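Remarks on the structure that follows.
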Number of protein chains: 2
Amino acid sequence: MLATMKATERRSRQREELRAEILRAARGIVLGEGYRALTMRRIAEAIDYSAAAIYQYFENRDAIAASLMDQGFEELAASFEACAAIADPAARLEAVGRAYVAFGLDHPETYRLMFMEDPEMTASLLERETGRQGPGERAYGALIGPVAELAAAGRLQPGGEAQPIADALWSALHGMVALKLTCPQFPATPTDTLLDTMLRGFVRGFIR
Amino acid sequence: MLATMKATERRSRQREELRAEILRAARGIVLGEGYRALTMRRIAEAIDYSAAAIYQYFENRDAIAASLMDQGFEELAASFEACAAIADPAARLEAVGRAYVAFGLDHPETYRLMFMEDPEMTASLLERETGRQGPGERAYGALIGPVAELAAAGRLQPGGEAQPIADALWSALHGMVALKLTCPQFPATPTDTLLDTMLRGFVRGFIR
DNA sequence: GTCTATAGGCTGATAGAC
DNA sequence: GTCTATCAGCCTATAGAC
């Protein structure tokens, strides 16, 4: 009985490992060659298995992409949670903004998958979360939370409301990341300068 | 001699017309079904010709996409030029910002093609313009021009420089459009409110 | 569980008849 | 100029041997 359990455990550990290896390979392909290069054959080649074998671990190609996105949201939420300790909401908001951009630039193709590729995939992943706090909602909360705190403390510019302001900040940060990913050379301003400029304008424009 | 010229003209006019019809069809397909649905066969079906016929008018599929982008930049630059009459640079800048977002939302798939799809295609199209003012450069000029004027008039917040500020505005506007196109339902704030909020923050944050 | 083989689909692009 | 036929290639996913 005990021996059987150990064997079962080992088998399931091996399963998990190959699953993880598939995801690792997929991440590498998406990172290096973009989402459209993510094919079962390419993954199979990378992990030295046949394409058919992958179907034992993932229902289909979309399930692999969804897993990558999932991990991405998880990681983004985690990097936001590292900012939670900052007491001042304005400083915390700025840190979250910097973490957001850093995440996008550090994981360009995961970011692409999460926010720039397929609206339906993004939507279905976010909608799946309605029954309690998934990582997507947690991430969004980290953005709107500090703005709401500022609003409650009367520290927003007169007439400003938390939600539109948080959404405007998110849009602006997304624009910076997205533009860097799609037209790397285009906004001529270096990334750091651009981010500093944007955050400074944001603080001056909305917080008092 | 005269008759020959007329026939030649008529033929070339017919050529232009079919070329335009191909582009119209391509635009419709990209608009309705996205860039990946833009195939020679789908275009052929739409214009009731064979796929092979299209190669008489465009070298290949990329040339068709490039033509669509070209028209997009042309149209964007034109919509910016309609703002040129506004004397006050701050008001002109705001008008340009609104025109930019309107363009993106009115031509979602052309916008996608221009700024969200293929970095190399975007880059090659913009680089082709280096020998004098193409529509891309004209469009960028409409954005940075008013900011430079504000800088020259001492109307920027202390420490602000024209280029980073213009790039930050562009990034923010791009983010708004891009997010609306990819996750239509996501920033919960209505588009108009979001744009108003963003422009108000921008003005307060950078202009004095 | 993993393989090979294959069904059944799509793609861009070209050759050659008319 | 336009067609049909076709090449050569890619894809997802499955069947069935082992």
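Chain identifiers are assigned alphabetically (A, B, ...) following the order of the sequence lines, protein sequences preceding nucleic acid strands; residue numbering begins at 1 within each chain. Keep in mind the model is a prediction, meaning the values are calculated, not measured.
The list of salt bridge (charged side-chain N to carboxylate O under 4.0 Å, His left out) pairs with a residue in residues 178-197 of chain A, not counting sequence neighbours, reads Arg98(A)-Asp196(A). Sorted by first and then second residue, the ring-ring contact (aromatic ring centres under 6.0 Å, His included) pairs involving residues 53-81 of chain B (not counting sequence neighbours) are Phe73(B)-Phe115(B). Every pair passing salt bridge (charged side-chain N to carboxylate O under 4.0 Å, His left out) that includes a residue from residues 45-67 of chain A is listed here, sequence neighbours excluded: Arg42(A)-Glu45(A).
Among the nucleotides dG1(C), dT4(D), dT4(C), the one closest to any side-chain atom of Ala52(B) is dT4(D).
The OH-P distance, from Tyr57(A) to dG1(C), rounds to 6 Å in whole Å. In this structure, the CD atom of Gln56(A) is 18 Å from the P atom of dC18(D), given to the nearest Å. Between the C1' atom of dC10(D) and the CD1 atom of Ile43(A) lies a distance of 15 Å, rounded to the nearest Å.
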Per-nt protein contacts along nucleotides 6-13 of chain C (heavy atom under 4.0 Å; B base, S backbone sugar-phosphate only, - none) come out as -----BBB

Given salt bridge (charged side-chain N to carboxylate O under 4.0 Å, His left out), test Glu74(B) with Arg138(B) step by step and report yes or no. CA-CA 9 Å; Glu74(B) 213 60 79; Arg138(B) 253 158 50 221; 3.3 Å; yes

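Under the 30°/60° scheme for interplanar angles, the aromatic rings of Tyr100(B) and Tyr111(B) are found to stand perpendicular.
Side-chain contact between Leu173(A) and Leu195(A) is present, with at least one heavy-atom pair separated by less than 4.5 Å.
For DNA chain C, the residues of residues 12-23 of chain A within the heavy-atom distance limit of 4.0 Å (strictly under) are Arg15(A), Leu18(A), sorted by number.
Checked by atom type, the side-chain pair Gln56(A)/Arg15(A) shows no donor-acceptor distance below 3.5 Å.
Arg200(A) pairs by the side-chain hydrogen bond (donor to acceptor under 3.5 Å, both in side chains) definition with nothing, not counting sequence neighbours.
Among the heavy atoms of the strands, none lies under 4.0 Å from Phe58(A). Contacts of Ala53(B) with the nucleic acid, taken as non-hydrogen atoms under 4.0 Å apart, involve only primed sugar atoms and P, OP1 or OP2.
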